[in-house]
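Structure first, commentary second.
Below, each value reflects all heavy atoms present in this structure, side chains not excepted, and no hydrogens, waters or symmetry copies.
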Amino acid sequence: PEPPTAARASTGPQRGNHRLGAYVRMLEITNDFPPTMGGIENYIYSIVRRFKPDDVVVLTRLGGRPEEAAAVDATLSAQVRREPVRRLLPTHRVAEQALQLLNEQHFDIVHFASPLPLAALGPRLHRETGVPYAVSVHGGEFVAGVRLARPVIERALGDAAVALPVSSFTESAVRRLLGHPPPTVLVPPGVDTDQFAPGVAPAFSGGGPVILTVCRLIRRKGPATLIA
């Protein structure tokens with residue numbers, strides 16, 4: 001996917017006058033990042049890869065063997081700070097690490113890849129630095145999270161500048177399941193049209209189009225609509 005806005009090196013206003021317009025400098029805080037494989041991991045990696053290197057810093061976990069993490073980071077020009085833990089949690093230590101980055105460098109916004117668990121840091125980071133934060137929201141993870149930990153999610157999203165659901169299903173769930181949802185902007189995953197483009201029809205298709213869809217066979221992902 002493309003980032004929500006075009007990005008470039010940010011030399012603009014400092015804390016207290018954050019630009020949410022044409023250009024932003026972003027601190028990404030996430031557990032969901034390669035070499036761990038998954039849809040959210042790919043989504044966040046794709047966003048980071050499309051920012052200019054000076055405009056994004058990633059705070060994440062090791063996520064695998066050190067050599068695997070190093071191989072991923074070598075594909076990015078952006079700064080990736082990896083903590084040698086299996087999972088980042090919203091602890092005092094992780095909050096202090098994020099605050100150190102926010103105090104040492106200028107950022108326009110903090111982005112959390114999902115509401116749980118790390119977006120629970122958002123209110124404190126915003127309160128202590130004034131830097132706004134945004135939270136991406138993913139369907140099944142969000143619905144299950146609300147059922148299990150509604151107060152935590154409501155606190156995490158309560159001070160967010162914006163929630164960024166990745167589908168219309170998720171957007172409706174945010175509005176339906178939260179009593180006071182934050183401002184919401186739909187940001188669906190994009191498609192790299194250089195990598196994924198129509199090719200020559202295979203012989204077994206009789207010359208017609210062939211569509212490959214990769215997903216779990218559940219209603220909200222829509223495979224029945226495609227099959228029909």
Side-chain angles (χ1 to χ4, degrees), residues 1-5 15-16 18-21 24-33 38-48 51 56-61 87-99 101-102 107-190 220-221:
E2 296 296 332
T5 58
R15 182 175 305 153
H18 300 284
R19 297 175 301 139
L20 298 180
V24 297
R25 189 164 194 268
M26 181 177 76
L27 173 60
E28 176 68 45
I29 303 178
T30 180
N31 280 303
D32 303 305
F33 205 72
I40 301 177
E41 287 82 358
N42 186 64
Y43 179 79
I44 299 302
Y45 173 84
S46 296
I47 291 175
V48 170
F51 269 78
V56 60
V57 175
V58 180
L59 177 60
T60 188
R61 59 183 176 142
R87 186 170 179 81
L88 292 179
L89 297 172
T91 60
H92 177 75
R93 179 174 177 273
V94 175
E96 289 298 318
Q97 291 170 324
L99 287 168
L101 284 168
L102 290 166
F107 292 97
D108 295 291
I109 197 160
V110 176
H111 177 247
F112 295 97
S114 58
L116 293 176
L118 291 172
L121 296 171
R124 177 183 174 185
L125 301 184
H126 176 59
R127 183 174 63 251
E128 296 192 20
T129 68
V131 178
Y133 69 96
V135 184
S136 285
V137 187
H138 310 268
E141 180 240 22
F142 174 75
V143 173
V146 168
R147 290 172 180 166
L148 296 172
R150 180 188 296 268
V152 177
I153 287 185
E154 288 186 332
R155 284 196 301 271
L157 293 177
D159 291 335
V162 64
L164 305 171
V166 299
S167 67
S168 56
F169 169 88
T170 309
E171 182 180 28
S172 65
V174 169
R175 299 185 186 280
R176 184 178 72 254
L177 297 177
L178 295 182
H180 302 283
T184 302
V185 177
L186 177 62
V187 184
R220 64 182 174 81
K221 291 190 177 289

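Scanning for side-chain contact (heavy atoms from CB on, under 4.5 Å) contacts around Ala156 gives Ala119, with sequence neighbours left out. Not counting sequence neighbours, the partners of Pro181 by the side-chain contact (heavy atoms from CB on, under 4.5 Å) test are Val174, Leu178. Listed by chain and residue number, Ser172, Ala173 satisfy the side-chain contact (heavy atoms from CB on, under 4.5 Å) test with Arg176 (two or more places apart in sequence, or in another chain). Judged as a side chain to side chain donor-acceptor pair (under 3.5 Å), and not counting sequence neighbours, the contacts of Thr170 are Ser167. Under the rule for a side-chain contact (heavy atoms from CB on, under 4.5 Å), the partners of Leu99 that lie at least two apart in sequence or sit in another chain are Glu96, Asn103, Arg124, Leu125, Glu128, Thr129. Considering only residues two or more places apart in sequence or on other chains, Arg93 meets the salt bridge (charged side-chain N to carboxylate O under 4.0 Å, His left out) condition with Glu83. Qualifying salt bridge (charged side-chain N to carboxylate O under 4.0 Å, His left out) partners for Glu171, counting only residues two or more places apart in sequence or in other chains: Arg175. With sequence neighbours excluded, no residue forms a side chain to side chain donor-acceptor pair (under 3.5 Å) with Thr60.
Applying the ring pair (Phe, Tyr, Trp, His ring centres under 6.0 Å) test to residues at least two apart or on different chains, the pairs with a partner in residues 138-180 are Tyr43-His138. Annotation: salt bridge (charged side-chain N to carboxylate O under 4.0 Å, His left out) contacts involving residues 134-157, sequence neighbours excluded, are absent.
Annotation for Ile40 and Asp32: closest pair CG2-CB, 3.5 Å, computed over non-hydrogen atoms. Here the shortest heavy-atom pairing between Pro90 and Ala120 reads CB-CB, 4.1 Å. The minimum heavy-atom distance between Gly145 and Leu116, with the atom names listed, is CA-CD1, 3.9 Å. The two residues Ala161 and Pro132 come nearest to each other via the heavy atoms CB-CB, 3.9 Å. Closest heavy-atom contact between Val166 and Pro189: O-CD, 3.4 Å. When all heavy atoms are compared, the tightest approach of Phe51 to Val56 is CB-CG1, 3.7 Å.
Here the side chains of Ser114 and Asn31 are not in contact, with every heavy-atom distance at 4.5 Å or above. Looking at Tyr133 and Leu121, their side chains never come closer than 4.5 Å, going by heavy atoms from C-beta outward. When side chains are defined from C-beta on, Ser136 does not count as touching Val187, because their heavy atoms never get closer than 4.5 Å.
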Original post:
Yes or no on side chain to side chain contact (heavy atoms under 4.5 Å, CB included) for Val110 and His126, after CA distance, side-chain angles and deciding distance?
Top reply: CA-CA 9 Å; Val110 176; His126 176 59; over 6 Å; no

**OP:** Check the pair Leu89, Val94 against side chain to side chain contact (heavy atoms under 4.5 Å, CB included), reporting the backbone distance first and the verdict last.
**Re:** CA-CA 7 Å; Leu89 297 172; Val94 175; 5.8 Å; no

Original post:
Yes or no on side chain to side chain contact (heavy atoms under 4.5 Å, CB included) for Glu41 and Thr30, after CA distance, side-chain angles and deciding distance?
Top reply: CA-CA 9 Å; Glu41 287 82 358; Thr30 180; over 6 Å; no

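To the nearest 0.5 Å, atoms CD1 (Ile47) and CD (Glu28) are separated by 7.0 Å.
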